[in-house]
Structures are given as structure tokens and as C-alpha cells.
Number of protein chains: 2
Amino acid sequence: MNSREIQLTRRPTGLPTADDFKIVEVDLPNPKEGEVLVQNVSLTVDPYMRGRMVDRQSYVPGFQLNETLTGGAIGRVVESNHSDYREGDYVESHLGWREGFVSSARGLRKLGELRAPASAYLGVLGMPGMTAYVGLLDVGELKEGETVFVSGAAGAVGSAVGQIAKIKNCKAVGSAGSAEKVRHLTEDLGFDHAFDYHDGHLERQILTGAPQGIDVYFDNVGGNHLQAALNCMRPNGRLPLCGAISQYNATEPVPGPNNLANAIGSQLTLKGFIVSNYNERRADFMRDMTEWVISGRLKYRETVYEGIESTPDAFIGLFTGANTGKMIVNLG
Amino acid sequence: MNSREIQLTRRPTGLPTADDFKIVEVDLPNPKEGEVLVQNVSLTVDPYMRGRMVDRQSYVPGFQLNETLTGGAIGRVVESNHSDYREGDYVESHLGWREGFVSSARGLRKLGELRAPASAYLGVLGMPGMTAYVGLLDVGELKEGETVFVSGAAGAVGSAVGQIAKIKNCKAVGSAGSAEKVRHLTEDLGFDHAFDYHDGHLERQILTGAPQGIDVYFDNVGGNHLQAALNCMRPNGRLPLCGAISQYNATEPVPGPNNLANAIGSQLTLKGFIVSNYNERRADFMRDMTEWVISGRLKYRETVYEGIESTPDAFIGLFTGANTGKMIVNLG
């Protein structure tokens, strides 16, 4: 079996472009004893990958040039020489950006019986869903009746954050990047209030939806959203810091919020987190979230690109607002 | 009895000046039933008072013009019509900036038997000492063997932070504003490393003292110290945000740290706190700190001004580096 794969040809400066990537075709070997041959059916691209394209020290090692990129993928075992895997098994791996791979079982996770479409296990039932779940409930210590503001609310993480808040009997306010996304948040997902951040006046718009202020600000974007939120926090508020998408493409350091001193008087907690360090919560997450998804209480949307060759465009689209919900590349 | 008192004549812009204050003399009434007449013996001025001189919403109400300022004070009861107080009792109050007052017992705290000089109860055994204690141990969740960096390390709070760290078998690194203060920290107080922040290269200087990085950054100053510390934090580090003295006199918003996104990858927690919300720890604090002070394990210094009329100068001196340790006004 052949696998077409995407590699980085040079490190992007600012917004990535198609020329930063190339497609190569490799011949997959036959699986040896203890190995499986997997054909990917669904891939994901995520904003955090932009950080790994830079050559600097980070909490995950950087991507290397002229090596196949990696990322979340759902695949099916097509040939197994491993006693734990059978042909047809669905597996989750980090070997995305490619059509298939041969691997020892290390780094694979068997998904068991699928209770939702495969791609859902890359989104609402995968890392983004779990990021929302632990970020809001564990890092954010959300309590019943509180008010949540989430930026990037139409994204895979943000839309789950707002809906989990509603399920927990809290108020949900979200910001997004278009009128259609704003409509989606309030009409389809049940957010109490949403606004388009392009309209400016972030602080006023937050307070329109949350006149009494915010208890939890789930920060997906950093920058001026964080600064505005810091002016709207209630005493003892929590700010899970999940990502800083507005800064991923910055080529110079971005000034931080000029009102961080608010954290003192209002006793705020800003807490960065990485979802992979909350694995002890995985069983709770899968149980709750699967139930919410199946019952229709928690909805999700995907933006689907078709074919491995569309993966760079899907990735670039993350930074130009091309997606609503999880960005998926379907390999059919 | 007469009391000379200090009032604010106008709101300071930038660094306060003597012209922002005036001294008035008032006639104290005789204490009625349930009241006491107190003569202050020791007053304190603190950086946080600068914030209260501004006319804006804050966690403590602002000072009013042409009213006597308030602040920590230790006094002696000279006449009592209250059954709980006797002549000669020492009391702690917030009725500083004046020579004496008549008061119902509300807001007074009896100090019991003094085990240290009266002024110590305004410093190492008072609010600054307790700020260091709960900020480091509760907010900072300090663990044995960790490394602490504290800015403003020669101040009343900072010097206690470093010494508590040492008592807890941790490494202590501090920054201060003069070579003499740096010498004091390492030679007198047992800090492992200290440096003068005027020498620049904050990050390099922190790492000289803590090559493996910092577990707890106790932030007394904000600004470029916070930004430098954010580049030196170890994974899961904690940053108690205690004050932002470098910003108290700023007339425009100061840009925040441009590297706050480090908090995500390194899972850092920045947590603002107000000491008065940790009153449940007061008994622990008084027990531990008194023992450490009496045994000589925890040293403190005071800068003493004499006479009520020197109080404005003492206060202004907080922002010009005039003090080492707690700034005290002795009313003899």
C-alpha cells in the first residue's frame, strides 16, 4: 500500500502558505510481527500545530523539515500482526497528515465500539472536547449558576465549552468571527449571548451578555480578548488559558494585557493547562460527553475537506476563519 | 488630648509629593461609655495606600480629600470606658496617620502580651508578614525543595518571603534596588542569590541564581520582573501576584508581559490575592512567625521616621527606595 503524506518544506513566517508544504508518496512496508497496517479515514488539523512549525523550545518538540507532519487521526486496521488488534478495528493515533502507516501498537488507542461517526472522535469526543471539559470543569472549577465567557466560541473547543456550561446550568457568552457564527452560537447551540469580535468594543459586548460580570473566562485567543475579559471578571474569577490563536502567527512578541494587576484586587486565577496532563479524567469525559452527544444535548459541527492533498489548505483555513467547528480532512 | 493628623489635599499624579498632604490638629473628645482613648505609638505606611489615593473603583474604597488618612497602627489605651479594655493595653487598628483617637472597640484588635517590639506587629508579625506567609504557602503552594524568586525582596513582604522559603528548605532568589540591599539579602537574611535590578538582564540574573528555573515567583512589582520571571518558570510553576509597586505611580496603562502564553505550555498558575481573605490562617501565622522571629530564624529590619509630621515623607520614600524593610513612623 502507498501513502501520500504532507511534509513541511520551510518554516512559515506569519500566516502559513501552500508553499510551506509539499506532498510526497511513500511505500508502506508489510507489518512485521507485533505491528499493524492502518489506513486513515479521518484526519484533523489544529491551531496548536502552528506553534510546532516554529524552531523553538516548547512543551512539544517542533516539527522537522522534510519529515511527515503529525496530528490526530482515526484509522482502521487493514492488516494486523499484533495480537490485540484485528482487521477492521478503529484506532486513534497521532499519525495524521498521511493516508496510512505501519506501526507497533505504541501510541495507538483502540476506540472500542464507535457510538458516533469516526470524525467525532477527533473533535467533540477527542482532544478538543476533552480540552473543553477539563478546562472548564477542572481548571476553571465551574460552579452551578456561574457565568462563562469563551472566546473562539464557534471553534471545536469553544462550542463545547459553551454547551457544557449550559448543561451545568450556567450562563454562556461567546465571541466569534462572523455574523453566521454568532447566529449559530445563540440559535443552534443555546448560548445566552454571542457577538462578532470584529465589531470591536469587546468589553462592552461581554458586559451586554454578562451585566454582572464573568466568573470563568475560557481563553482560546489571548490578546485583546484577554485584556477585555480581565476588566469584566467577578471577584475570585478563574481564567483557564487554553490557547493563544491570535498570537500563533505573530512574528514579534505581542504586548500582554495592561490590566493584569486586576488579578490582585479581584483575586483572579489565570491558569495555563495542557489537556494531556489530565488523563485521569478521560473516563469521566468519555462517559459524560458521549451521553451528551448521543442525547443531542451537545451539538457539534465539522468543516470537512476531502483528500490528503487538501490538508495544507485545511490547516491554513484555521487562521482565516474557514472553519466552523472542528476542521476535518476526510480520506473517504 | 490633641491629635495631629495627616490628610490628603489633592490626588497625587505620578510620584506623590509633600504638597499632596497637610497636617491638621484636632481635639479628641473624652471617651464615652463603650469607647476607648488610644495614643498611637507606632504607625506604618504601605505601597498599597498609593492605590487608594486614586479616585477609582477598587477592592478598598478610595481615600477622601481633606479627611484623615488611615493605615495600620499600634497604640496604647490611655483611657477606657469599655469593659474589655484597660489602660495600658496594646491595640492594633487601622487608625494610623494620626497621634491618637477615640473609638468603640470595633476595628481594634487586642494584641495580648507583646512578645516582640510594638512595631513588629505592623511588619513581620502584621499584615506584611502574613502577606508573605499566605502568599508563599497558600497561594504559592510552596513545596519542600523548590526554588522561589521574589521581587522587592528587601521590602517588608519580600524579605519575609525569602526567609520563610529558607525555613521550608527551599532555595531563595531575590531582586532589590541597591547593592546594599543585595548584600543584606545574601549576608544577613540567607538568600541563596540576590541581584540589583538596576543592573538589567533580569532573566539572566534570575537564572544565575536558579539555573534549573523557578517553581514559585512571588510578584511584588509586576512589569518587567513578571515578564522575565515568566521566561524562567519551571513546569507547573505558581505566581502569587501580590502587588504591582512598579505600576502604582503609572499614569497610563502599562503593557503586560508579552509572554503570558508561556503559562499554557508550562501549565503556570498566576493568582492574585488579598491577605485579608485568608483570616482563617491568622492563628497559624502568628504561631509560626512569632516562633521564627523570637528564635532569630526570621530577621527583619525597619526604617524608622520620627514624629507624625514625617509620615508623608515616609510614604513618599516607599517609592524612592528610602526603606529597607518595613517603613515605620515612631510616635515615641
Side-chain angles (χ1 to χ4, degrees), chain A residues 47-48 50-52 56-61 131 134-135 138-139 141 219-224 226-227 230-231 233 235-248 250 252-278, chain B residues 47-48 51-52 56-61 131 134-135 138-139 141 219-224 226-227 230-231 233-248 250 252-278:
Chain A
Y48 79 85
R50 178 66 181 82
R52 294 189 61 188
R56 66 171 174 219
Q57 208 183 348
S58 179
Y59 58 99
V60 280
T131 299
V134 303
D138 293 69
V139 184
E141 297 179 28
D219 184 29
N220 279 314
V221 304
N224 58 358
L226 177 57
Q227 185 164 303
L230 279 167
N231 283 339
M233 298 302 298
N236 303 305
R238 288 85 63 202
L239 298 90
L241 306 180
C242 172
I245 194 173
S246 71
Q247 295 170 28
Y248 284 143
E252 292 182 14
V254 177
N258 63 21
N259 54 354
L260 192 57
N262 289 3
I264 301 168
S266 295
Q267 301 208 105
L268 308 179
T269 300
L270 294 83
K271 188 164 182 169
F273 72 103
I274 308 170
V275 63
S276 57
N277 287 3
Y278 288 81
Chain B
Y48 78 85
R52 294 189 62 187
R56 67 171 173 217
Q57 207 183 350
S58 179
Y59 58 100
V60 281
T131 299
V134 302
D138 294 67
V139 184
E141 297 179 28
D219 184 29
N220 279 313
V221 303
N224 57 359
L226 177 56
Q227 185 164 303
L230 278 168
N231 283 338
M233 297 302 297
R234 303 190 64 189
N236 303 305
R238 287 84 64 200
L239 298 89
L241 306 180
C242 172
I245 195 173
S246 70
Q247 294 171 27
Y248 284 143
E252 293 181 15
V254 177
N258 63 21
N259 53 355
L260 192 57
N262 288 3
I264 302 168
S266 296
Q267 301 209 105
L268 308 178
T269 301
L270 294 83
K271 188 164 184 170
F273 72 104
I274 308 170
V275 63
S276 56
N277 287 3
Y278 289 81

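Just so we're on the same page: letters track the sequence lines, and every chain starts at 1.
With B/Thr269 as reference, A/Thr269 is the one residue of A/Val139, A/Leu241, A/Thr269 to meet the side chain to side chain contact (heavy atoms under 4.5 Å, CB included) rule.
Across all non-hydrogen atoms, the minimal contact from A/Tyr278 to B/Gln267 is CE1-OE1, 3.8 Å.
Qualifying side-chain hydrogen bond (donor to acceptor under 3.5 Å, both in side chains) partners for A/Asn231, counting only residues two or more places apart in sequence or in other chains: A/Glu203, A/Asn259, A/Asn262.
Using a 4.5 Å heavy-atom cutoff, the side chains of B/Pro257 and A/Leu260 are in contact. At a threshold of 4.5 Å between non-hydrogen side-chain atoms, the residues A/Lys271 and B/Leu268 do not count as touching.
Interface remark: B/Leu239 contributes no atoms to any contact with chain A (heavy atom separation under 4.5 Å).
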